[in-house]
Amino acid sequence: MGLLSKKDGKLILDPLADNNPITIQVLGICSALAITAELEASIVMSISVLFVLGIGNVVISLMRNIIPSKIRIIVQLIVVATLVIIVDLVLKAFAYELSKTLSVFVGLIITNCIIMGRFEAFALGNGPWRSFLDGIGNALGYAVILIIVGFFRELLGSGTLLGIPVLGDPIEKTGLYSIGYENNGFMLLSPMALIVVGIIIWVQRSRNKALVED
Amino acid sequence: MEHIELFFKSIFIDNMVFATFLGMCSYLAVSKKVSTAVGLGAAVIFVLAITVPLNWLLDQYLLQPGALSWLGEEYADYDLSFLSFIMFIATIATMVQLVEIVVEKFSPSLYNSLGIFLPLIAVNCAILGGSLFMQSREIATLGLALNYGVGSGIGWFLAILAIAAIREKIRYSNVPPALRGLGITFIITGLMAIGFMSFGGMLTGGEEEAPKEEKTAKVESKDSTKEDKVLANNIKVTE
């Protein structure tokens with residue numbers, strides 16, 4: 001890390017594993033689960049959150065000394081809502097089909113707890129550059145989980161990745177399907193998202209005993 | 001009939017937590033004890049019952065394409081729907097503050113039980129989600145919007161009550177250490193969601209579920225899709 005000091009690097013790397021926003025801080029779960037049936041949607045959602053959280057943290061951090069603490073939630077909501085409207089309009093313009101799949105969940109980035117949580121916990125007390133790094137780090141931590149869940153659900157559920165068949169053709173019975181493999185349609189249903197995240201938490205906590213709750 | 005159907009649908013079939021995962025953050029964070037879960041659940045019903053009809057009015061008379069026509073002919077082709085996120089969230093944040101003040105003034109006992117949860121609610125995805133779904137599902141009248149708000153609130157209330165009760169009991173079970181707390185809660189919620197899926201076909205006789213199943217049907221072998229089609233035709237004929 002030539003560009004970043006050790007302390008700043010930690011801001012980005014910590015949320016990726018030991019302080020992951022989804023599995024450890026329990027923030028931002030709503031949207032993480034609903035849109036992960038396909039890998040593409042997960043990736044687009046992650047990028048949207050990365051944008052909103054990165055910029056939002058900087059804006060809040062710049063304004064932190066002039067926001068009266070009584071109305072800070074409303075101010076934060078307005079900042080996020082503005083950024084989310086930008087994301088929504090960009091998606092509608094350049095990826096219309098995908099914005100239909102994501103439907104209301106783009107709007108729900110506003111109330112994504114990661115965003116408000118990081119504003120409250122970090123941006124209100126730190127300078128813009130560190131807040132930016134914190135925002136990027138947490139958004140990446142969110143993205144990691146989303147992409148893992150999306151990867152497994154799409155691979156096992158429909159045998160494709162990003163819409164490209166990777167396990168062979170289920171109708172022509174080529175590839176894995178020729179030896180009797182079947183897609184597990186259950187993975188596409190919403191409850192499996194919860195169970196997959198539960199398993200990720202399980203794996204992560206068995207590897208790092210310090211995270212275990214009692 | 002329309003009202004009963006929507007009410008049932010919003011509580012069970014489209015349950016906020018189990019079908020759309022809204023309000024998961026507070027659902028997971030505040031479900032350690034039944035008593036606090038009841039408090040938050042009641043506050044959610046209360047706020048949804050107020051904000052959904054209010055946002056319905058906003059949507060109908062301000063935001064929809066052509067909604068401004070009551071102002072005069074020349075405003076008829078304005079489309080302000082891109083403002084809906086910011087308007088909805090502003091309404092919700094203001095209403096939550098107002099409700100807090102009113103409740104504190106007129107019913108201190110209710111304030112004491114709901115009080116700490118009300119500010120939390122402004123950023124609960126379930127509240128904004130309720131309004132956004134109300135908009136995207138094009139709910140037709142104010143009465144139905146109120147109905148939808150109350151119904152979704154009750155659905156959320158039931159979900160958090162159930163998980164809180166389960167979490168209180170599971171403390172006495174021998175869960176693998178790494179799964180304790182958050183992990184097992186996720187898995188239980190997943191299992192509960194599978195249970196709630198069984199409500200899916202109750203109102204429509206399974207017809208509404210058809211487009212979803214097509215996706216999996218495509219992946220299955222050709223023969224079974226044919227069979228499905230024959231089956232679907234049979235169902236239509238019997239109806």
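Lettering follows sequence order; numbering is per chain, from 1.
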What option among B/Leu128, B/Thr185, B/Ile187 has the most heavy-atom pairs under 4.5 Å with chain A? B/Leu128
Looking only at heavy atoms and a cut-off of under 4.5 Å, which of B/Leu179, B/Ile188, B/Ile184 has the most pairs with chain A? B/Leu179
Without placing hydrogens or testing angles, list every side-chain donor-acceptor pair under 3.5 Å for residues 12-22 of chain B, not counting sequence neighbours.
from	atom 1	to	atom 2	distance (Å)
B/Asn15	OD1	B/Val17	N	2.9
B/Asn15	OD1	B/Phe18	N	3.3
B/Asn15	ND2	B/Ile11	O	3.1
B/Asn15	ND2	B/Gly155	O	3.3
B/Thr20	OG1	B/Met16	O	2.9

dist B/Ile92:CD1 -> A/Leu77:CG (nearest 0.5 Å) comes out at 9.0 Å
Approximate separation, where rounding is to 0.5 Å, of A/Ile110 CD1 and B/Ile89 CD1: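 So the CD1 of A/Ile110 and the CD1 of B/Ile89 are separated by 5.5 Å.
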Considering only distance and modelled atom types, tabulate donor-acceptor pairs under 3.5 Å from the side chains of residues 48-68 of chain A, sequence neighbours left out.
from	atom 1	to	atom 2	distance (Å)
A/Ser48	OG	A/Val44	O	2.8
A/Asn57	ND2	A/Ser131	O	3.0
A/Ser61	OG	A/Asn126	O	2.7
A/Ser61	OG	A/Gly127	O	3.3
A/Ser61	OG	A/Ser131	OG	3.4
A/Arg64	NH1	A/Ser61	O	2.8
A/Arg64	NH1	A/Asn126	O	3.3

Residue pair B/Arg180 / A/Arg205: nearest heavy atoms and the distance that separates them: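 Of all heavy-atom pairs spanning B/Arg180 and A/Arg205, the closest is O-NH1, 3.8 Å.
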B/Ala193 and A/Leu194: which non-hydrogen atoms are nearest, and at how many Å? CB-CD1, 4.4 Å
Show your working on side-chain contact (heavy atoms from CB on, under 4.5 Å) between B/Leu191 and A/Ile195 and close with a plain yes or no. CA-CA 8 Å; B/Leu191 296 176; A/Ile195 295 178; 4.3 Å; yes
Listing request: all side chain to side chain donor-acceptor pair (under 3.5 Å) pairs with a residue in residues 189-201 of chain B, at least two apart in sequence or in separate chains. B/Tyr27-B/Thr189
With chain B as the partner chain, list the residues of residues 78-98 of chain A whose heavy atoms fall under 4.5 Å from it, by residue number, and write 'none' if nothing qualifies.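 When heavy atoms of chain B are the reference, residues 78-98 of chain A contributes A/Ile78, A/Ala81, A/Thr82, A/Val84, A/Ile85, A/Asp88, A/Leu89 within the under-4.5 Å range.
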Pick one of side chain, backbone, both or neither for B/Met192, based on which atoms fall under 4.5 Å of a heavy atom in chain A. neither
Let me know if B/Leu28 has heavy atoms under 4.5 Å from chain A in its side chain, its backbone, both or neither. side chain
